[in-house]
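The basis for the numbers below is simple: all heavy atoms, side chains too, and nothing from hydrogens, waters or symmetry mates.
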Amino acid sequence: MTLHSLPLFVRLQGRPVILVGDGEAAEPKRRLLERAGAEVVGEDDPHARLAIVADDDAAVARLKARGVLVNAVDRPELCDFTLPAIVDRAPVLVAIGTGGVSAGLAAALRQRLEAVLPASLGRLAEALHAARGGLRAALPDGAARRRAIGAALTPGGALDPLSDYDGRDAAQAVLDARATGGVVTLRLTSPDPDDLTLKQARWLAAADRVTHRADVPGAILDRARADAARERTDAPPPAGEGLTVDVAMTR
């Protein structure tokens, strides 16, 4: 599967961003830029590398000719980048984009996620950050540390991110949740990744290594962690270091 856009989080604090236009289309963009700490400037600023244009196609062309990346409000076909709907649980940010196809859909998904993600999610993120030094000392092996953190964050785990964080010691919760390795076998009847069960999707997301037969579609394998090792095999593998998920199609 290909991505129509690469999602990025750009730090704009103190940086100039061009805003062209005014009124109802431009003001929400101005507020968003100011919230991100950007310096909102006019089209003639020579240092800006990003621009949002509310209502001026000629300005879009001029700015692109200068090498500026442009967001043209409500005109996705002219956009170099789009602005997502945002769920803010600082320092956790969840961005929902549709490539400009449907801002209404992105907004509806944001509203659903606002109801699901607890207000304490940011405090959990900060607690995990504060625990990094202690966890590195206790679990110097990076893969083992990653597995332990993953185990603590699983549904129903001590640090389940969809539950209210109660302020417990995050480092100790991770150490208590240390998981062992092994092999999990997934036998799939459909090549469509949307047909994965919730449990199957969770196993793929947790895997340190994914082994698979030649006929497993790439769209299925893309549901695994990006840094999980992948290996095509003709038979189920022996257990190795960490969690191995072995995937095959059944006919």
Side-chain angles (χ1 to χ4, degrees), residues 6-11 13 36-37 86-96 113-186 193 196-212 216 220-233 235-247:
L6 178 64
L8 299 171
F9 289 89
V10 181
R11 295 186 184 274
Q13 184 68 43
I86 297 171
V87 181
D88 186 359
R89 298 290 187 271
V92 178
L93 293 176
V94 180
I96 305 145
L113 288 173
E114 286 281 7
V116 170
L117 299 179
S120 61
L121 186 58
R123 290 192 290 112
L124 171 59
E126 289 167 347
L128 286 167
H129 179 72
R132 290 172 66 185
L135 288 174
R136 283 175 176 162
L139 297 171
D141 179 72
R145 187 167 62 250
R146 185 181 64 243
R147 288 194 299 273
I149 294 171
L153 293 170
T154 55
L159 301 178
D160 183 345
L162 297 189
S163 298
D164 286 326
Y165 174 59
D166 58 8
R168 71 181 61 190
D169 184 325
Q172 190 59 52
V174 168
L175 294 175
D176 291 343
R178 274 177 283 191
T180 59
V183 178
V184 172
T185 300
L186 302 186
L196 289 168
T197 67
L198 183 59
K199 179 179 283 189
Q200 289 169 338
R202 285 173 175 166
W203 280 124
L204 282 168
D208 297 289
R209 178 176 64 144
V210 177
T211 57
H212 61 93
V216 176
I220 296 287
L221 300 176
D222 285 344
R223 294 298 177 94
R225 284 201 343 262
D227 60 347
R230 297 183 186 182
E231 179 183 345
R232 198 175 86 177
T233 65
E241 187 71 22
L243 174 64
T244 296
V245 174
D246 183 60
V247 188

Intermediate values then yes/no, side chain to side chain contact (heavy atoms under 4.5 Å, CB included), V87 and L93: CA-CA 6 Å; V87 181; L93 293 176; over 6 Å; no
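Here the rule is salt bridge (Lys or Arg N to Asp or Glu O under 4.0 Å) with R230, and of D208, D246, D222 only D222 fits it.
Taking 4.5 Å as the limit, every side-chain heavy atom of V92 sits out of range of all side-chain heavy atoms of L117. No side-chain heavy atom of P91 sits less than 4.5 Å from a side-chain heavy atom of H129.
Rounded to the nearest 0.5 Å, atoms CG (D141) and CZ (R147) are 6.5 Å apart. Remark: T211 OG1 to L186 CG distance equals 9.0 Å, nearest 0.5 Å. Between atom CG of residue D176 and atom CD of residue Q172 there is a gap of 4.5 Å, rounded to the nearest 0.5 Å. For the atom pair CG of D227 and CZ of R146, the computed distance is 5.0 Å after rounding to the nearest 0.5 Å.
Dense packing is recorded around CZ of R225, with more than 12 heavy atoms of other residues, nucleotides or ligands lying under 6.0 Å away.
Taking both residues in full, the closest heavy atoms of P237 and R209 are given as CB-NH2, 4.0 Å, listed atom of the first, atom of the second, then distance. The heavy-atom pair separating L135 from A171 by the smallest distance is CD2-O, 3.7 Å. In terms of heavy atoms, A144 sits closest to L139 at O-CD1, 4.4 Å.
Among pairs with a residue in residues 113-124, those fulfilling salt bridge (Lys or Arg N to Asp or Glu O under 4.0 Å) read R89-E114, R110-E114, at least two apart in sequence or across chains.
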Please tabulate, one pair per line, all N/O donor-acceptor pairs under 3.5 Å involving side-chain atoms of residues 157-166, not counting sequence neighbours.
from : atom 1 : to   : atom 2 : distance (Å)
D160 : OD1    : L162 : N      : 3.0
D160 : OD2    : G156 : N      : 2.9
Y165 : OH     : R168 : O      : 2.5
D166 : OD1    : R168 : N      : 3.1
D166 : OD1    : R168 : NE     : 3.1
D166 : OD2    : R168 : NE     : 3.3
D166 : OD2    : R168 : NH2    : 2.9

N/O donor to acceptor pairs below 3.5 angstrom from side-chain atoms of residues 196-205, sequence neighbours left out:
from : atom 1 : to   : atom 2 : distance (Å)
T197 : OG1    : Q200 : N      : 3.0
T197 : OG1    : Q200 : OE1    : 3.4
Q200 : OE1    : T197 : N      : 2.9

